[in-house]
Amino acid sequence: MKLSRLSHALLPAALFASVASGQSVDWAEFSQDNSRLMAANDLGVNDNEEKDYAFADFDQDGYIDLVSVRKQPFTSQGRRVNVLFMNEGGTLVDRSMQYASATDVPGDDGFLTPTNDRDVAVGDLNGDGWLDFVTATTLTPNASKELSHPRAYMNLGEVNGVWQGFVYESARIPSWGTYPNMCGIAIGDVTGDGFPEIYFSHYEQAADVDLNDRLLINDGTGFFTDESAARMTTSMRNSAFGTAAEIADMNADGVNDIVTASGLGTTAGGFTRTSVAYNNPNNEGFFNILQEPYSGAPYHINVGDLNADGRLDIIVSDDGSDRYILNQGNDGIGRVIWGPAQTFGTDDGFGSNNYITDIDGDGFDEAVICDVDVDISGCNRRLHVFHNRGTVSGSNVVLREERSGSNFGALGLPQLSGVHDVAIFDIDNDGDKDMVVGRCNGTLVYMNQRDLVGVDYCGSAVANSTGAPAEMLVEGSPVAAENDLTLRCVDLPTGTFGFFLVSLTQGAINQPSGSQGVLCISGAIGRYVAPGQILNSGPGGEFTLPIDTTAIPQPTTNVAAMVGETYNFTTWFRDSVLGIATSNFSNAVAVTFR
């Protein structure tokens, strides 16, 4: 049974096949639909400012919302207002005035106050179950704290069932004087108490303050103290031109590490590197090993599992050739053994924001690299989308760039040029990933046309540590003979592991074996735990697995799906609540084969 999509006009687009895990999996099919972005022209489709995105379901209505932080492009002090796009039934609507203008600072107007924000990240800072966000404000010397420092926007949650929006609260972030100059930001729990910390990438300008990177520790209520020097060495935090950071468990020892990029410095002793500061599992929250897997001239980094082996890899936007570096396990003291820094094969110069995410739902993450350098002017390069055509989990990756009309549907070469940032998420709630493309001369929206199959049942899952319930999705075809089905689970905790479950029998078993959730299947339960099927959610917080419908696991054997049979799929995953290890489940989807 196909689920319906919101109807809208489609531009010509092509559907492409790739091979993954022995199955034919459709490459993404996009169509441009700018009607899904509603804002004043200079804030929406004709926005020509520098943009950086973050997205999440802020009001918990089941649709993912979008934050756009803006500034005058390149190395400049020109401040701009930001935009909060709330997703209203598949349309992104500017609701900054209604939901993001509250503040505790006299004279400030939240998102309506022009700031020089260069990055934004999302997390539940105070543990109330509602997602907040923090912006990294840069290039604003000798100004008041609210203009020169990072800004924390706290989610006010609901009052009598009505969502209240955000309030900017200045006291959440400590003061560093008149010129903190933060460029990148990462949010994640490094102390293991269930509350996220904040890491800022700092870059220095000649004759200005050199703070180096900063680690802020959460007191459990969403107020932060700077404990950088107590928890990390100076070498770990040293950054001549820090532009990006990620918090993730790189060596799979159960504690989150910090990955950073520092580009070319402008002062004496400036250096370039991509580094990993390893969290000490025997003294969680304190970092004891520094590793530099790449030098070059990195301007942005991202982490994710490119070859589906359960280990987190790194991609690097470099002034020269962009690179990817595969994680090959650990050495004797717990550091990752990195493979060689490999080029993608095509490049056209400087890059910026980059992402590892599964666009086509085949279980192998794509690499996406934006092209507008944060400091060097120029909008004539292009967004690179490297389609991951991996064949066997754990093998090397096979990456092909999807470019102009014949390779990327409606996303032709002109639309791929001059991209500051791209937000890749499900806009219309149909289970596949769409794109908001923030360019030098406007913003474009591209909708992915893949369909979901199956029927949700058992209600929403119990919320996990992200504050949201994990959601089970099934994509492809319910025709048994086509053998084209992909299981997905989204809204998972980042960097966790788990696997899919299947049964012919539905159920609703509350907290089995001490789990936090509800197991929505019963009877003879099969587990997808063969090699390559135990999954890591990575920084994107999702699992994806193409399955063989001729070999559906049962307790003692594999069986083929038969016409008329209904199989029920759900997800089990590890989680933690206030630092205590537990597990949880997603909802479930029933697929009737025909």
Check this for me: does any side-chain nitrogen of one of Glu542 and Lys433 sit under 4.0 Å from a carboxylate oxygen of the other? yes
Side chain to side chain donor-acceptor pair (under 3.5 Å) partners of Thr443, counting only residues at least two apart: none
Once disulfide (SG to SG under 2.5 Å) is applied, do any residues pair with Cys183, and if so which ones, sequence neighbours excluded? none
Is it the case that the ring center of Phe111 lies less than 6.0 angstrom away from the ring center of Phe133? yes
Side chains of Leu112 and Met97: closer than 4.5 Å at any heavy-atom pair? yes
Side-chain contact, heavy-atom cut-off 4.5 Å: Thr260 with Tyr199? yes
Is the shortest side-chain heavy-atom distance between Val368 and Leu383 below 4.5 Å? yes
Are Ser68 and Asp421 side-chain neighbours, meaning at least one heavy-atom pair lies under 4.5 Å? no
One pair to check against ring pair (Phe, Tyr, Trp, His ring centres under 6.0 Å): Phe573 and Phe543. What are the steps and the verdict? CA-CA 10 Å; Phe573 58 93; Phe543 297 152; 7.1 Å; no
Qualifying residues under side chain to side chain donor-acceptor pair (under 3.5 Å), relative to Thr225, sequence neighbours excluded: Glu227
Could you tell me if the side chain of Lys71 sits less than 4.5 Å from the side chain of Thr137, heavy atoms only? no
For the rings on Tyr99 and Trp163, is their centre-to-centre separation under 6.0 Å? yes
Residues pairing under ring-ring contact (aromatic ring centres under 6.0 Å, His included) where one sits in residues 67-96, two or more places apart or in two chains, turn out to be none
As a quick check of understanding, evaluate side chain to side chain donor-acceptor pair (under 3.5 Å) for Thr138 and Asn181, giving each step before the final call. CA-CA 4 Å; Thr138 189; Asn181 215 32; 3.0 Å; yes
For Val105, all residues meeting side-chain contact (heavy atoms from CB on, under 4.5 Å), sequence neighbours excluded: Thr103, Asp108, Glu146, Tyr168, Ser170
Note, Arg95 side chain near Glu88 side chain (heavy atom, < 4.5 Å): yes
Tell me every residue that passes side chain to side chain donor-acceptor pair (under 3.5 Å) with Asp257, counting only those two or more places apart in sequence or in another chain. none
